[in-house]
> 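Before anything else, here's the structure in question.
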Amino acid sequence: MSSKLLLHSHRRGDAKCTVSVTPQSAGWGYISFNVRSLEAGEQVSDRTGPNETCLVLVSGKARVIGAGQDFGVIGERMDPFSGAPYSVYLPSGADWRVEAETPVELAVCASPAKGKYPARLIPPDEVEQLTRGTGTNQRFVRNILPDTAPAETLLVVEVVTPGGHWSSYPPHKHDTDDFPNETYLEETYYHRLKRGSGFALQRVYTKDGSLDEAMAIADRDVVLVPKGYHPVGAPHGFDLYYLNVMAGPRRAWKFSMDPDQAHLPY
């Protein structure tokens, strides 16, 4: 039986989209997410509508125009494993356009907002890079839009997990509005495998058993996390990248651990 939490990528359509999540399709209230695939010389345009939006260049170089600003040709990395990304933050009610200089993989991350903050470029040198965990729990974090950066509801982060390592581990959750102990945040994982083949694993579960799904993840798959714990495993030889989008009623990342693994360092 296929999981309702696992979305496979598909051939792009007229909007150059290869995978898409909306609040309606996910059955939640905040996150919209899609990926656009462009060949050199192609362009795509859209509106942010009622959402603030973070355009993340997963790979490639492109000219980005949005909210009346031309951010120029941005992008350095040709794959998501090669350093921090260029991104553009856009407020609600803004038009945007991306013109590809090379093949481009563009992630469009969005959640509801009122237009409080202006558009801005987020270059690689403004992306905080962290090493989290030890041993086979070590992974590398890139904070594109953390809860310390200006935004209304949206959080965006990248993580690279070496093959043979675990990530989002020890298992944690953020599905309860109990600030400052925990916040309610919906979450998406957009996965890329460095080899483009093979698989990774992700489990999404609750302690009461109302949700318990284990998924084999292929390159470019999306996993939805509406609630529960959500650890990820990368098999030996297959480095894993994922782009996380989180959003909820309070813009703070506060989580609690699965008590069975809470004694382990995060």
Side-chain angles (χ1 to χ4, degrees), residues 7-26 31-111 118-124 126-127 142 144-145 154 156-158 160 188-197 217-223 241-245:
L7 305 178
H8 300 299
S9 64
H10 52 75
R11 290 188 177 182
R12 64 183 192 157
D14 292 340
K16 312 295 192 297
C17 189
T18 58
V19 68
S20 178
V21 177
T22 66
Q24 293 74 28
S25 68
I31 295 174
S32 299
F33 176 80
N34 64 74
V35 176
R36 313 293 182 97
S37 176
L38 305 176
E39 298 297 330
E42 292 183 334
Q43 63 178 269
V44 65
S45 59
D46 209 336
R47 284 185 58 82
T48 60
N51 297 321
E52 61 183 354
T53 298
C54 186
L55 304 176
V56 180
L57 280 172
V58 178
S59 64
K61 295 182 180 181
R63 178 177 296 278
V64 178
I65 300 164
Q69 297 185 50
D70 186 343
F71 296 97
V73 176
I74 59 175
E76 295 175 347
R77 65 185 192 183
M78 292 297 106
D79 66 76
F81 297 89
S82 302
Y86 274 88
S87 305
V88 172
Y89 171 85
L90 297 170
S92 57
D95 295 310
W96 60 265
R97 185 169 78 252
V98 172
E99 303 168 352
E101 297 273 321
T102 68
V104 163
E105 185 177 7
L106 175 73
V108 183
C109 317
S111 60
R120 69 182 188 275
L121 177 68
I122 306 173
E126 292 184 13
V127 175
R142 304 166 184 154
I144 299 169
L145 199 61
L154 190 62
V156 182
V157 61
E158 293 183 334
V160 173
T188 57
Y189 279 68
Y190 177 59
H191 291 281
R192 293 295 316 276
L193 286 157
K194 190 170 186 179
R195 291 173 178 256
S197 59
I217 303 154
D219 188 37
R220 303 178 195 271
D221 280 353
V222 171
V223 171
Y241 159 98
Y242 56 78
L243 174 66
N244 282 144
V245 180

> Might you point out which heavy atoms bring A62 and V98 nearest each other, and give the distance in Å?
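Heavy atoms only, the tightest pair is CB-CG1, 3.6 Å.
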> Can any side-chain N or O of H8 pair as donor or acceptor with the backbone N or O of D221 at less than 3.5 Å?
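No: the side chain of H8 does not pair with the backbone of D221.
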> Kindly compute the distance separating CD (Q69) from CG (L90), expressed to the nearest 0.5 Å.
8.5 Å
> Does this structure show an ion pair linking E101 with K61, if we count only N-O contacts that are shorter than 4.0 Å?
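Result for this pair is no, no salt bridge flagged.
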> For residues E76 and P124, report the shortest heavy-atom separation together with the two atoms involved.
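Answer, listing the atom of E76 first, then P124: OE1-CG, 4.3 Å.
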> What I'd like to find out is whether the side chain of C54 reaches to under 4.5 Å of the side chain of L154, using heavy atoms alone.
yes
> When Y86 is tested against each of L121, V64, V56, V73 for side-chain contact (heavy atoms from CB on, under 4.5 Å), which residue passes?
L121
> Can you tell me which residue pairs pass the ring pair (Phe, Tyr, Trp, His ring centres under 6.0 Å) test with a partner in residues 32-55, sequence neighbours excluded?
F33-Y190
> Just so I know, are the side chains of V58 and P80 near enough to count as touching, which here means a heavy-atom distance under 4.5 Å?
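With C-beta onward as the side chain, the pair touches.
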> Examine distances only and state if a side-chain atom of R192 and a backbone atom of Y241 form a donor-acceptor pair shorter than 3.5 Å.
no
> Return the OG to CZ distance between S92 and R47, rounded to the nearest 0.5 Å.
9.5 Å
> Any ring pair (Phe, Tyr, Trp, His ring centres under 6.0 Å) involving residues 40-78? Give me the pairs, sequence neighbours left out, ordered by first then second residue.
none
> Is there side-chain contact between I65 and E99, with heavy atoms separated by less than 4.5 Å?
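I65 reaches E99 side chain to side chain.
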> Checking T18 against R220 for the side-chain contact (heavy atoms from CB on, under 4.5 Å) test, could you report, in this order, the C-alpha distance in whole Å, the side-chain angles of both residues, the deciding distance, and whether it holds?
CA-CA 9 Å; T18 58; R220 303 178 195 271; 5.9 Å; no
> Where does the angle between the aromatic ring planes of Y242 and H191 fall among parallel (under 30°), tilted (30 to 60°) and perpendicular (over 60°)?
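Ring orientation of Y242 relative to H191: perpendicular.
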> Do the side chains of S32 and P23 get nearer than 4.5 Å, heavy atoms only?
yes
> Closest approach of E158 and I144, non-hydrogen atoms and distance?
CG-CD1, 3.6 Å
> Do any N or O atoms from the side chain of N34 and from the backbone of V21 form a donor-acceptor pair under 3.5 angstrom?
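The answer is no, because no donor-acceptor pair under 3.5 Å joins these two groups.
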> Do V108 and R36 have side chains that approach each other closer than 4.5 Å (heavy atoms only, starting at C-beta)?
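V108 reaches R36 side chain to side chain.
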> Locate the shortest heavy-atom distance separating L243 from C109; write the atom from each residue and the value.
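Result for this residue pair: CD2-SG, 4.1 Å.
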> When you look at NZ of K194, are more than 12 heavy atoms from neighbouring residues, nucleotides or ligands closer to it than 6.0 Å?
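No - once you tally the heavy atoms of other residues, nucleotides and ligands closer than 6.0 Å, there are 12 at most.
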> Are side-chain heavy atoms of L106 and K16 found at a separation under 4.5 Å?
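With C-beta onward as the side chain, the pair stays apart.
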> Rounded to the nearest 0.5 Å, how far does CG of L55 lie from OG of S87?
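One finds 8.0 Å between OG of S87 and CG of L55.
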> Evaluate the criterion salt bridge (charged side-chain N to carboxylate O under 4.0 Å, His left out) for residue pair E42 and R12; output intermediate values, then yes/no.
CA-CA 13 Å; E42 292 183 334; R12 64 183 192 157; 2.6 Å; yes
> Mark yes or no for whether N51, through its side chain, and T53, through its backbone, hold a donor-acceptor pair below 3.5 Å.
no
> Please report the closest heavy-atom contact between P91 and T48, naming both atoms and the distance.
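It is O-OG1, 2.9 Å.
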> Heavy-atom distance under 4.5 Å between the side chains of S9 and V35, does that happen here?
no
> Ignoring hydrogens, what is the shortest heavy-atom contact between A100 and L38? Give both atom names and the distance.
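What the structure gives for the nearest pair is CB-CB, 3.9 Å.
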> State, yes or no, whether a side-chain contact exists between V44 and W96 at a heavy-atom distance under 4.5 Å.
yes
